[in-house]
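In what follows, every chain begins at residue 1, and chains take the letters A, B, ... in the order their sequences are listed. Quick note: numbers below take in every heavy atom, side chains included, and nothing from hydrogens, waters or symmetry partners.
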2 protein chains.
Amino acid sequence: MTGSVTLHDVARRAGVSLATASRALNGSANRVVGEALRERVLRAAAELRYSPNAHAQAMARRRTRIIGLSLHDIADPYFSAVAAGVMREAETHGLLVTMASTGHRPGAETDYVGAFRRHWATVVIVVGSRTDDRAATDRLAEELAAFEAEGGRAVAVSQPRLPVDTISIDNRAGARDLGHTLHDLGHRRFAVLAGPADLLTAAERVDGFREAVAHRGGRLAPEHVVPGPFTRDGGYAAMQRLLDEEPDVSCVFAVNDVMAVGAMAALRDRGVDLPAGMAVAGFDDIATLRDVSPALTTVRIPLEEIGALAVRLALDEGADRPRLRRVAGEVVVRASTPRLPA
Amino acid sequence: MTGSVTLHDVARRAGVSLATASRALNGSANRVVGEALRERVLRAAAELRYSPNAHAQAMARRRTRIIGLSLHDIADPYFSAVAAGVMREAETHGLLVTMASTGHRPGAETDYVGAFRRHWATVVIVVGSRTDDRAATDRLAEELAAFEAEGGRAVAVSQPRLPVDTISIDNRAGARDLGHTLHDLGHRRFAVLAGPADLLTAAERVDGFREAVAHRGGRLAPEHVVPGPFTRDGGYAAMQRLLDEEPDVSCVFAVNDVMAVGAMAALRDRGVDLPAGMAVAGFDDIATLRDVSPALTTVRIPLEEIGALAVRLALDEGADRPRLRRVAGEVVVRASTPRLPA
DNA sequence: CCTCCTTGGGAAAGCGCTTACCGGAACGGT
DNA sequence: ACCGTTCCGGTAAGCGCTTTCCCAAGGAGG
């Protein structure tokens with residue numbers, strides 16, 4: 001990058017030293033720069049369209065104003081909602097966010113956290129939820145610990161067992177509440193599209209739902225719990241497999257909205273009338289999906305708020321860390337789960 | 001950030017000089033480091049868990065491996081699709097992307113490009129489409145020019161009149177094709193939910209559609225072109241206003257899918273049967289929205305591919321810049337626009 | 001009138017890295 | 001045996017900024 005104007009140029013044009021120029025521009029603490037000089041410097045800077053080099057500042061100050069955000073897939077509305085919250089909050093603090101999509105690749109999070117560490121990010125936020133690969137989790141934990149040891153602040157969202165502040169979505173309680181609600185609507189025979197086996201978030205939702213069913217004296221048959229990717233197509237395929245077994249079921253719970261919508265498509269393609277022929281419920285309350293028809297019963301998670309909270313948590317100089325914040329979901333009943341005629 | 005291990009530590013532990021350590025680690029060009037030494041250095045680095053400081057490298061090399069991406073709103077699926085493409089392609093090149101949501105705030109893009117410039121980003125990508133505020137556009141153009149003058153590469157998506165490589169979605173042709181298709185389906189009386197007046201993307205889509213209608217000997221009545229925000233609620237409200245006028249219309253074209261879905265919700269709330277009572281078409285073919293019902297007729301834009309293309313374009317050392325790439329849309333007819341019975 | 005603060009500016013030492021540039025050693029050709 | 005050449009390691013000069021330390025000048029207090 002050639003030709004950029006440096007502080008040196010500004011100082012020369014204003015006829016002052018580098019030190020004075022620097023002080024004039026950032027109004028350095030416990031040091032006053034004469035009004036006249038400050039004026040001169042500011043004017044010179046403006047005339048030259050000077051903008052300080054962020055890396056040089058980072059070197060000298062030994063810190064930056066960037067947030068590193070690692071998530072699975074920005075195209076997934078779940079993650080983009082969280083990202084939106086992070087970015088909104090970041091902006092109010094004058095922070096820039098650099099983002100990485102791990103694409104569900106195990107280990108990628110650790111690599112990216114490493115990159116953020118190399119960049120002296122002030123804050124790193126990882127949102128995910130892998131649970132199976134214990135070794136990978138340990139390496140991530142180690143990397144995050146190193147990052148915090150160097151003065152950074154990390155927050156994990158939906159990613160337990162990490163030695164940093166974490167925000168935990170109460171998946172279990174949300175799914176349980178949903179289960180009870182569906183039971184109250186008269187449903188007794190359930191199936192679950194369970195999502196990926198290795199995703200803790202998915203597992204918790206299944207468990208919570210199972211608890212509710214059990215609590216009401218029912219039982220979730222193992223063959224009615226079908227796994228699959230956390231995507232629209234995953235939901236579609238899982239629903240097809242389920243239908244192939246001709247299950248005796250009146251209501252299917254997909255552990256996220258995206259899958260639920262895929263499941264609805266599969267049902268329709270098989271000629272099932274919705275919502276009369278089958279009730280469908282999801283999880284997350286993705287904004288973009290609120291207008292599917294029939295409108296989806298789901299558990300609302302304040303995703304954007306969670307993103308903002310992550311930033312605030314990281315910036316908050318509280319003691320006794322790591323801290324844990326639980327955020328609850330709220331069942332929203334819509335048209336996709338009508339009351340079952342007795 | 002204290003306690004981080006530096007190259008100095010590595011060099012000392014390996015018993016070599018800084019220069020050698022550096023050379024051993026980056027295998028510097030036209031310079032060979034003895035195998036034994038290189039081994040020693042690598043081992044020392046691994047033992048110390050050394051990771052180079054990105055800012056120091058940036059300072060010394062005078063460039064970085066980051067892409068600055070500015071867009072309106074990451075929570076909007078249109079933008080998150082483009083972002084996903086950018087990030088996917090960035091990763092294959094070992095680039096990190098730092099992202100900014102302008103939140104539709106005029107001038108914010110310029111501020112963020114300035115920030116990216118300060119960071120010596122190698123590439124800046126702005127995706128947007130404001131057209132009304134000429135002064136703002138000029139300032140953005142100026143900032144981008146300065147950025148490129150300093151050796152960076154910028155690409156604009158859907159943002160014309162900028163002195164950099166730009167990717168232009170052929171909104172006009174897409175909307176025209178859609179108009180013809182709808183006409184072929186027997187529709188004659190159209191309304192348009194036109195989106196924000198100041199967004200070029202929206203304006204072009206309206207124009208293209210209008211052209212098609214005119215070409216077939218029809219006419220789009222001004223009161224049937226209703227503006228509004230580019231959002232679900234914008235579509236909902238616009239549709240309501242339209243219905244309040246009790247227009248003699250059989251088909252409404254919302255200039256993006258998100259609005260189309262909002263419009264469908266409004267129609268349903270007014271008791272209109274879909275798709276029989278009113279045909280609805282959108283634009284973009286947002287993946288998350290493919291399963292609304294009735295399935296939405298729309299114009300498919302390869303958004304993710306566009307994001308990836310932007311990165312490739314920026315990295316491509318082609319001559320005769322600025323270059324212009326047009327990408328076309330493709331009409332996808334689905335259930336929301338049935339053939340009108342003659 | 002001298003000393004001691006206080007105020008405000010400059011010189012210079014880094015921050016952690018890359019990369020000319022320099023120089024010693026080993027080697028081959030004559 | 002001498003003189004290029006190569007090879008390969010070290011020394012040091014930055015990259016653009018902040019910040020400590022030092023110093024000059026002016027004012028207050030004795």
Side-chain angles (χ1 to χ4, degrees), chain A residues 1-42 44-45 48-65 117-122 150-151, chain B residues 1-42 44-45 48-65 117-122 150-151:
Chain A
M1 312 282 173
T2 189
S4 66
V5 7
T6 76
L7 186 58
H8 186 83
D9 303 324
V10 174
R12 202 176 21 168
R13 171 172 256 248
V16 300
S17 74
L18 257 75
T20 307
S22 172
R23 287 194 276 249
L25 289 174
N26 347 306
S28 89
N30 67 31
R31 208 54 165 38
V32 195
V33 175
E35 199 47 47
L37 272 200
R38 140 172 270 114
E39 263 314 300
R40 269 231 306 284
V41 173
L42 259 36
L48 293 171
R49 317 192 104 276
Y50 166 73
S51 77
N53 179 295
H55 300 292
Q57 287 189 319
M59 285 299 295
R61 294 183 175 154
R62 325 211 52 201
R63 61 209 214 78
T64 64
R65 309 278 307 160
R117 180 149 87 97
R118 278 193 281 287
H119 278 269
W120 275 346
T122 40
E150 290 173 7
Chain B
M1 311 285 173
T2 191
S4 66
V5 6
T6 76
L7 185 58
H8 185 84
D9 303 325
V10 175
R12 201 177 23 173
R13 170 173 256 247
V16 300
S17 76
L18 259 75
T20 306
S22 172
R23 287 196 276 249
L25 290 174
N26 338 310
S28 89
N30 66 33
R31 208 56 165 42
V32 196
V33 174
E35 199 47 48
L37 274 199
R38 137 172 273 115
E39 262 316 298
R40 269 230 308 282
V41 173
L42 259 35
L48 294 172
R49 317 192 104 273
Y50 166 73
S51 77
N53 180 296
H55 299 292
Q57 288 189 319
M59 285 298 295
R61 295 183 174 155
R62 324 212 52 204
R63 60 210 212 78
T64 63
R65 310 277 309 161
R117 182 150 85 97
R118 279 194 281 286
H119 279 269
W120 273 346
T122 41
E150 291 172 7

With a 4.5 Å limit on heavy-atom distance, are the side chains of His8(B) and Leu18(B) in contact?
yes
Nearest-neighbour nucleotide for the Tyr50(A) side chain, dC17(C), dC17(D), dC15(C) considered:
dC17(D)
Validation row: Trp120(B), Asn53(A) side chains within 4.5 angstrom (heavy atoms)
yes
Gap between atoms CG and P, on Leu18(B) and dG10(D) respectively (whole Å):
10 Å
Output the rounded distance in Å from CZ (Arg23(B)) to P (dC17(C)).
15 Å
Nearest listed nucleotide, side chain of Trp120(B), among dT18(C), dC17(D), dG16(D)
dG16(D)
Between Leu25(B) (CG) and dT19(C) (P), how many Å, whole number?
13 Å
Does Ser17(A) have a side-chain nitrogen or oxygen under 4.0 Å from the phosphate oxygens OP1 or OP2 of dA11(C)?
no
Between Thr20(A) and Thr20(B), just flag the one whose closest nucleotide in DNA chain D comes earlier from the 5' side.
Thr20(B)
Parallel, tilted or perpendicular, as decided by the 30° and 60° cut-offs, for the rings of His55(B) and His55(A)
tilted
Rounded to the nearest angstrom, tell me the gap between atom NE2 in His55(B) and atom C1' in dC17(D).
13 Å
Of Pro52(A) and Leu37(B), whose closest DNA chain D nucleotide lies nearer the 5' terminus?
Leu37(B)
Quick one: Glu150(A) CD to dG16(C) P, roughly how many Å, whole number?
11 Å
Does dT18(C) have OP1 or OP2 sitting under 4.0 Å from an N or O in the side chain of Gln57(B)?
yes
Nearest to side-chain heavy atoms of Ala19(B), which nucleotide of dG16(C), dT18(D), dG10(D)
dG10(D)
Side-chain touch Thr122(B)/Arg65(B), heavy atoms, less than 4.5 angstrom
no
Within the pair Ser22(B) and dT18(C), is there a side-chain N or O less than 4.0 Å away from OP1 or OP2?
yes
Mind calculating the distance between CZ (Arg62(A)) and P (dT20(D)) to the nearest angstrom?
13 Å
Side-chain contact test, heavy atoms from C-beta onward, threshold under 4.5 Å: evaluate it for Val16(B) versus Val10(B) and give yes or no.
no
Measure CZ/Arg65(A) against C1'/dT18(D) and give the value in whole Å, please.
16 Å
Should Arg61(B) be listed as having a side-chain N or O under 4.0 Å from OP1 or OP2 of dT18(C)?
yes
Is Asn53(A) near enough to dC15(D) that one of its side-chain N or O atoms lies under 4.0 angstrom from OP1 or OP2?
no
Would you indicate which nucleotide in dT18(D), dG16(C), dG10(D) comes nearest to any side-chain atom of Met59(A)?
dG16(C)
Distance, rounded to the nearest Å, where Arg63(A) contributes CZ and dT19(D) contributes C1'
15 Å
